[in-house]
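Structure record follows, encoded as structure tokens.
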Amino acid sequence: MIKLFTKTFSIFFIITCFFDTADAQTIKVAIAANLQPVIKALKNDFKLRTKIDLEVISGSSGNLSAQIRNGAPYDVFLSADSNFPQTLRRDGLAAKAPAVYAQGVLIICSAQNLDLTNWNNLLMTNTIKKIAVGNPAIAPYGKAAQQALTKAGVYSKVNGKMVFGESISQVNTYITTGAVQVGFTTLSLIKDAANKQQLFYRLVNPADYAPIQQSMVLLKRAEKNTAAEKFYQYILSAPAKAIFNAYGYHTQ
């Protein structure tokens, strides 16, 4: 009887371990900071479909790219633009060519009820003392804001008011805490259901900045990682696109 119980328990233990291992698949995904509002919905939907979990690391696209170059153990990199993934691919750090998964939308945003209709004129008034912008060198939305400000002819005139964030999440903090009167950020901040704060915003004319082509890449270390490949394909799927659209991104 004891031997039978021991044998039965051993079989149960082996089966349990097998399925636990299968269910415990986790891949490391580095994401641009602007994806913080949407990644939770993507993560939950992907887990529901595949039982694969994500370990998410967030930062500016430039900083994450630098970390990958220095050996950070990420499987997939979701950048806020195409330049960083393309450079990683060119330098032999990617398993396949980058793919565009969404196009970002730039807004000017405030926690104050400001009339942002003619935002370029507003920025030059005494009402606006600080303007939050992502660091254009490492944050694609900061680069887009710089282009829009230049196109409006006010970049040099308001440069002294600018407060640069190392990522778009830092810019969002400046805006939502009232540390600045206005800031340039992503539309997904407004679409985030978790954000209960009333914010006032206006879309920046997309003709005033280069398209924010958000691109991803499967990294070399994940070349034979089927879980990472599944996530890569999922991000390009219709269900993932529907989630991106709900958070204010455009997809094709």
Side-chain angles (χ1 to χ4, degrees), residues 29-49 53-61 63-64 76-81 100-114 116 119 130-135 138-145 148 163-204 206 209 211-216 231 234-252:
V29 180
I31 65 162
N34 71 288
L35 295 175
Q36 284 184 344
V38 69
I39 194 64
K40 185 175 180 181
L42 292 169
K43 180 179 179 179
N44 290 342
D45 188 53
F46 181 66
K47 177 72 178 289
L48 192 66
R49 295 171 185 276
D53 207 351
L54 307 182
E55 180 181 338
V56 176
I57 302 92
S58 173
S60 71
S61 296
N63 284 340
L64 291 173
V76 183
F77 173 35
L78 273 65
S79 172
D81 74 359
V100 174
Y101 59 88
Q103 188 173 87
V105 176
L106 182 69
I107 64 171
I108 181 168
C109 182
S110 176
Q112 300 178 27
N113 188 5
L114 299 173
L116 298 170
W119 57 264
K130 293 182 180 178
I131 306 164
V133 179
N135 182 346
I138 57 175
Y141 283 82
K143 184 178 180 181
V163 178
F164 292 101
E166 287 302 298
S167 68
I168 207 67
S169 61
Q170 193 171 32
V171 170
N172 290 345
T173 299
Y174 290 153
I175 295 170
T176 56
T177 60
V180 300
Q181 285 75 47
V182 295
F184 289 87
T185 185
T186 167
L187 181 60
S188 64
L189 173 65
I190 305 298
K191 300 293 185 181
D192 183 5
N195 178 26
K196 305 300 182 187
Q197 184 177 0
Q198 186 175 17
L199 295 171
F200 303 87
Y201 74 99
R202 187 173 182 82
L203 299 178
V204 176
Y209 59 92
I212 305 172
Q213 301 279 22
Q214 302 215 178
S215 181
M216 69 172 170
F231 179 70
Y234 165 77
I235 288 298
L236 300 175
S237 71
K241 288 180 179 179
I243 293 174
F244 277 118
N245 292 339
Y247 278 80
Y249 295 92
H250 298 314
T251 59
Q252 294 181 339

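The first residue of the sequence shown is numbered 1, and numbering continues consecutively from there. The analysis underlying the following values was restricted to heavy atoms, covering all of them including side chains, and did not include hydrogens, waters or symmetry mates.
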side-chain contact (heavy atoms from CB on, under 4.5 Å) between T185 and Y201, intermediate numbers included: CA-CA 10 Å; T185 185; Y201 74 99; over 6 Å; no
Full working for side-chain contact (heavy atoms from CB on, under 4.5 Å) between L78 and F231: CA-CA 11 Å; L78 273 65; F231 179 70; 4.0 Å; yes
I131 and W119: CA distance, side-chain angles, deciding distance, side-chain contact (heavy atoms from CB on, under 4.5 Å) verdict: CA-CA 11 Å; I131 306 164; W119 57 264; over 6 Å; no
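The salt bridge (charged side-chain N to carboxylate O under 4.0 Å, His left out) check on R202 picks up nothing, with sequence neighbours excluded. Contacts of D45 classified as side chain to side chain contact (heavy atoms under 4.5 Å, CB included), with partners at least two apart in sequence or in another chain: R49, Y234, P239, I243. Every residue meeting the side chain to side chain contact (heavy atoms under 4.5 Å, CB included) condition with Q213, not counting sequence neighbours, appears here in chain and number order: S82, V100, Q103, P211. Under the rule for a side chain to side chain contact (heavy atoms under 4.5 Å, CB included), the partners of Q197 that lie at least two apart in sequence or sit in another chain are A111, T176, N195, L199. Residues passing the side chain to side chain contact (heavy atoms under 4.5 Å, CB included) test with K241, sequence neighbours excluded: T251. For N63, the side-chain hydrogen bond (donor to acceptor under 3.5 Å, both in side chains) partners at least two apart in sequence or on another chain are S60.
For the side-chain contact (heavy atoms from CB on, under 4.5 Å) test with Y247, the passing option among I39, V38, L187 is V38; the others fail.
Expressed to the nearest 0.5 Å, how far CD of Q214 lies from CD1 of I31 amounts to 10.0 Å. Once rounded to the nearest 0.5 Å, the distance linking CG of N34 with OH of Y249 reads 4.0 Å. Rounded to the nearest 0.5 Å, atoms OG (S61) and CG (D81) are 5.5 Å apart. We find the OH-CD1 distance between Y174 and I168 to be 11.5 Å, quoted to the nearest 0.5 Å.
Counted by atom type alone, Q36 and N172 present zero donor-acceptor pairs between their side chains at under 3.5 Å.
S79 and A32 get closest at one heavy-atom pair: C-CB, 3.9 Å.
The backbone N or O of L106 sits less than 3.5 Å from a side-chain atom of Y209, completing a donor-acceptor pair.
Below 30°, between 30° and 60°, or above 60°: for F244 and Y101 the angle between ring planes is between 30° and 60°, a tilted geometry.
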